[in-house]
Every structure is written in structure tokens, then in C-alpha cells.
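What follows is a single structure, written as C-alpha cells, with notes after it.
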Amino acid sequence: MRWSKAFIPTLREAPADAEAISHRLLVRGGFVRQLAAGSYTMLPLGQRVRLKVSEIIRQEMNAIGGQEMMLPTLHPAEIWRKSDRYELMGDNLFKLHDRKGADLVLGMTEEEIFAILATELFSYRDLPQIWYQMHTKFRDEPRPKSGLLRVREFTMKDSYTLDIDAPGLDSGFDKHHLAYKRIFERMGLDAVDVTASSGAMGGTESVEFMVRSNAGEDWIATCSNCDYRANVEKATTALPEIDDGEPEELERFSTPGLRTIRALAEAHSDIASPEKQIKTLVFVLEDEPVLVLLRGDHDLQEQKLLDAAGVGDGRPGRPEEIRELLGADPGSLGAVGVEGVKVIVDHSLKDRSNMTTGANQDDWHYKGVSVERDISIDMWADLRAVRDGEPCVNCGEPIELWKGIEVGHIFKLGTSYSEAFGAFVQDEAGDNHPIIMGSYGIGVERGVAAVVEANHDESGIVWPVSVAPYEVVITVLRADDEATMSAAMDLYSDLEAGGLEVLIDDRVERPGVKFADSELIGIPYRVTVGPRGVSDGVFEVTVRRGLGKTEVPAGEVSALLIEKIESARSHI
RNA sequence: CGGGCUGUAGCGCAGCUUGGUUAGCGCGCGACGUUUGGGACGUCGAGGUCGUCGGUUCGAAUCCGACCAGCCCGACCA
């Protein structure tokens, strides 16, 4: 491709509202343009990268036996009501009406439609199946942000495994796990697989693939020593045991004006240090108020609460709700003697005694609380948010918390969708079983952005060869000089004949502009062809990663680059 | 949805407090000339419903109101 004919609108300055590095570089490099919040055009360079990422995904999905399809994105709302996700997905689901007034939705993932297709499977002999598509998904994000990282319209590769039994599901899941590792590795991403919450997708088990980045929105806990790693929505740590001494009598005591853990701890340091207190939170889980109990010095991890309670939606109770429920204001709450309200308690309170907690009367607390003796507990659960540096549950070494971008997520779904849509198959004995599904997603454009987050320097993007929009750029320093241009075109022909993807910068521009642009758009290899080099018979080859330069005899350049790029391709 | 901020040329910004006639600057863009191994220089030029609607006023980019859009921080996801 001749740069002079290409649409590569590079910008010297990034738009003021672009913050994430990938956002700034993709806009400046002329890869994408924003149309509206969370809605992006892929310009020619961006589209080339996107297609390369898609192709890597496609190859790896096909390699595990995936069959590609394409499903509609416009769905009758009925289908989503049938799976109960019409309500569950809430405002994230784009909802619209057709001219007849019928309710429609734009798909945000497609478990429902694949389950409907699966009703055409009748026998265990038809299983397993791996089905996938790469298609546009719509999510009415409350807050699109960070360029391509969080948008309202994007391409997702979504695949689904269909099996007769749990071992089959495990096998399909494991295949995807490995395929995903290969996909991200080929894209040049160091993606860490972590155990995660399944959230609104439902199901039993899920693994996320996280790329370390400050632009990420998830916190991941990894052990500094062993291979323990988990999303903070799932992560646990080992806590030292606390010796509470002999259990004493439950006793109310006056605590005028003390409304916070800290204030109580300071006023009664002998009995109420934070780890000796019970923190009582009121949460409303799908309209049902519950009490959530944690150690005073611990914080709630909300997703853990939702998962433990098996609900999709929850919020902190409002002050008036809390007063009505318990008769006191936040700061004086407790679960001692509370009946008729579900009480969910964090594991860290197990076997604890001589604790302090609110008495459900303003300005009064209890001391001498033995958790199991004095509180009517409905459920024990892991509810607390882990903190950086706490001991790993496996080996005791400190864990590290870091931010990551979720580039892929795989779920063991189970049978809820097949049951909802009647996808049953018969086993050998002739008995009917709901098909067991797994669901597996990769956000294509987010993957592109993640590659940039992980591969850039001060000058711009540093694409891995596998996803680079072009593999080589020929920078012609004097495109208006006939001899120089002619030598450059000869090289261009040789490289193209060698099967490389080449961009030739034939613009009549100053050298500095061309160097800067080629670095900004991140082409892995650059050959500089100028009058000096042409007369000396030597071209300069620059490797984008590190910007190391070598002088290469003109006649050897094409062979050298073909060898380097073919080798890079075969390594992935 | 709660909190904060911003809308003036393709990009980055000034002008608004204290209303006044042709709305400015840098980059970018077009023409010509000189230049050409790291974002050149000169001359000339094109490009703006000042987010939208309404109000106040003799007069609004500027004051007031509503709305819209975008960004950032929090609760959600590939």
C-alpha cells in the first residue's frame, strides 16, 4: 500500500478527553474514530488489526473443533423473557420496538439463541458440539470509557459447548481454556487466567483472562510465590487466628455518640479494637433486606455477597429502611437477638467470642458477644475484600493486588438455558437430559486495545508482528527523487513478492514526519531508503520494538526481512 | 443513576468575569518558492450554525433558563 493513497489520519495531539494510552494512541495513529460515546469506527489500519485478531481467534476455535455460524443480533424480547434475562440484564440490554409495536432487543450475548438451535439436537450421539460466532454485541453501558476498552457496540467471539454430561462440559471448558491461552499469546498478550465470579451469566465456575494494565477495571490478586491467582470477587487470603480468651457474658453498655468502628475502638480500646468488633451492614438483595456481618476491620466485597446469596442484584440499605428494620441508625447496628431477617456472616467471625457490636439502639452497644451463641446465623460465606500483602491461602506468602483488563471470560453454564428452551437429548438408555452448556467470550476490539496497552513506548504503538496492520514500512526519505523512489519501489516489489504486508511511505514529507508517523502507527520493521543509502547501496533497517537500527546492504534487505517475519509468524 | 467537569475550525486552546460592529492563536489543510537522514521556513489562502432551543437586551460566543452531547470519579461487563 502506498501511504500517499492510504487513509491514515494521524494526529499530532490526542483529543483532550482521551485518557487511556490505547485510546490516545489508536486515535492519534489513525486506527479509530469515535462516533458517539462507546461507538467507534474502525478506520483502515484499525480494521486490519481487528481482522488479524479475529483470524487468530478463528483459527484457534476451529482447531478445537468449533463450527462458525452467524446468528441474528436483533431478537424478539420474548426470548429474553423466557430465560429471565430481560429483567436480569436491566438497562444494560438495548430494548426497542418495531413498527408493529413488538418488543425487540439487541443481543448482548447469545446463550438463548444457541440454546434454541440446540433443540435440533436429539441424541447423545449428536454431542458434543462447539458452536461459535463473531458478531456485533450491544450493551447499553452506563458509562462507556477508555476508548475501545468499554463500549456499547463491539465484536465478540462467543462460543458455546453442548454436552450430555459434566465430564463433557469439563472437557469443552478445558479446550477453551487452552485455546484462549494460545489466542492471547499469539496476540502478544500476557493474559493471566484467574478464577472469577460468574455474575449475571449464572453457572458454576468461570475463569477470566486478565491483562495487567492501569486502564483495567478489575482487581486481581496473585501470589508472589505460588501460582494462586483470582479476581478479588473470588480471592481469599489466610488470616491469623485471633485468641479471644474465655467467653464472657453478653452485656449492653452505653456508647453515647460513638457511630463508627474507629470511634468505638478509640473510646474502648480494651474491648473494641476493630478486629474485636462485628461490622453490621444492611443490604437489600432483590428487594429482601439482609444483615451482612464482617469483622470490624474488614470491607465487604459486594460480588461475593451476591454470589453467596445467589442473587443478581443488590444495594446497600437506605437509612430509613435500616431504621424501620432494626430500630436504629447505622453506627449502632447489630445482629444480636435479631429474628426474621436473614443474617449472612463472613467466615472470619467463625468461633469468635467477646466481640463488640451495636445493640440496635442508638448510643448502645453489646460486649461479650459470642458469635454463634448470641446471633442467629442463616449462612456463612466468604464476604470480605482481600487486601494487598495479606498471606496467600496456599503458601502464606504475601499476595499482590493489581489492575487488569478482562480480555476473555469462560463459563461453565449448566442447564438453565437448555431447560428454558427445551434443548434435551436422549442418552443411551433413552432418558432425556437437558444439554449442559458452556459459554466463552472474547471481546475483539477490547483485545486490540489491550495489545496497545501492553505494547507501546513514548513514540507510539509497538505491534507484535502477528497483529500489526502492516509488517514492514518503507520510509522513502526523498519521494520526489526519482532514483530514491525507484530503489524503494524495487524493494517494495521484492517484499510483496515475498508475501509480506508492506506500507511504502511515498509521501513528499520531511524525514522527521515520516519517522514519527511510522513509529506512532507501530509497524514492526522499517526500512529507511534515502538518496544517501541508494548511492551507498545500504539501507537502514529499524526494529520498532527498541528502535534498534542496522545498516544492511540493499540487496540483502528483502531476504533478511522475509526471513525475520516468516520466523515471527511461525513462532505463533 | 449519584458526584465533578467540558462543549468556540480537523486536533489543541484563548476570548466569556466587565455584552458592542470583520471571533482569535498554534498545529493541521490548499497554492507557490526555498528546503529535505528525526515533526523546516517564507508568502498567499481556504476553513467557524461559538452544542441546541428559548429568554434578557438596541445589540449575546459572552448574561439567564431548559435541553442535548462528551469526559472524569463511584455502582456494572467481552
Choose from [options] the nucleotide whose nearest atom is closest to any side-chain atom of [X].
X: A/E19; options: B/rC11, B/rC72, B/rA78; result: B/rC72
X: A/R143; options: B/rA75, B/rC77, B/rA78; result: B/rA75
X: A/E217; options: B/rA78, B/rG70, B/rC76; result: B/rC76

Using the side chain to side chain donor-acceptor pair (under 3.5 Å) criterion, which residues pair with A/D490? Sequence neighbours excluded.
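With sequence neighbours excluded, A/D490 shows a side chain to side chain donor-acceptor pair (under 3.5 Å) to no residue whatsoever.
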Do the ring centers of A/W463 and A/F31 come within less than 6.0 Å of each other?
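Yes, the ring of A/W463 comes within the 6.0 Å limit of the ring of A/F31, centre to centre.
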Centre-to-centre under 6.0 Å for A/Y160 and A/H176, is that the case here?
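Between A/Y160 and A/H176, the centre distance exceeds or equals 6.0 Å.
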Counterpart base for B/rC41, defined by Watson-Crick or G-U wobble contacts under 3.5 Å
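Answer to the pairing question: B/rG33, which forms a Watson-Crick or G-U pair with B/rC41.
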For nucleotides [N] and [M], find the distance between their [atom1] atoms and express it as a whole number of Å.
N: B/rC25; M: B/rC64; atom1: P; answer: 28 Å
N: B/rG48; M: B/rG33; atom1: C1'; answer: 30 Å
N: B/rU21; M: B/rC5; atom1: C1'; answer: 34 Å
N: B/rA61; M: B/rU52; atom1: P; answer: 11 Å
N: B/rU49; M: B/rG39; atom1: C1'; answer: 34 Å

Give a yes or no on whether a donor-acceptor pair under 3.5 Å exists between the nucleobase atoms of B/rC77, that is its base, and the side chain of A/R152.
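For A/R152, whose side chain was compared with the base of B/rC77, there is no donor-acceptor pair (under 3.5 Å).
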Ignoring hydrogens and angles, answer whether the base of B/rA78 and the side-chain atoms of A/R139 contain a donor-acceptor pair closer than 3.5 Å.
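Yes, a donor-acceptor pair under 3.5 Å.
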Nearest-Å distance, CG (A/L93) to C1' (B/rC76)?
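Answer to the nearest Å: 14 Å.
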A/N231 CG to B/rC76 C1': how many Å, rounded?
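Rounding to the nearest Å, CG of A/N231 and C1' of B/rC76 are 13 Å apart.
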Tell me, with the steps shown, if A/K403 and A/E217 meet salt bridge (charged side-chain N to carboxylate O under 4.0 Å, His left out).
CA-CA 6 Å; A/K403 268 165 108 182; A/E217 305 182 277; over 6 Å; no
Name the nucleic acid region contacted by A/K145, choosing base, sugar-phosphate or nothing; use a 4.0 angstrom heavy-atom cut-off, strictly under.
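If one applies the 4.0 Å heavy-atom cut-off, A/K145 turns out to touch the sugar-phosphate alone, with no base involved.
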Find which nucleotide of RNA chain B each of A/A14 and A/G443 is nearest to by heavy atoms, and output the residue with the more 5' nucleotide.
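The residue mapped nearer the 5' terminus is A/A14.
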Search all heavy atoms of A/D299 against all heavy atoms of A/L294 and return the closest pair with its distance.
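Where A/D299 meets A/L294 most closely, the heavy atoms are C-CD1, 4.1 Å.
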Where A/P464 and A/M187 come nearest, the two heavy atoms and their spacing
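For A/P464 and A/M187, the tightest heavy-atom pair comes out as CG-O, 3.5 Å.
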Using a 4.0 Å heavy-atom cut-off to protein, can you give one letter per nucleotide of nucleotides 34-41 of chain B, 5' to 3': B if the base is in contact, S if only the sugar-phosphate is, - if neither?
-BBBBBB-
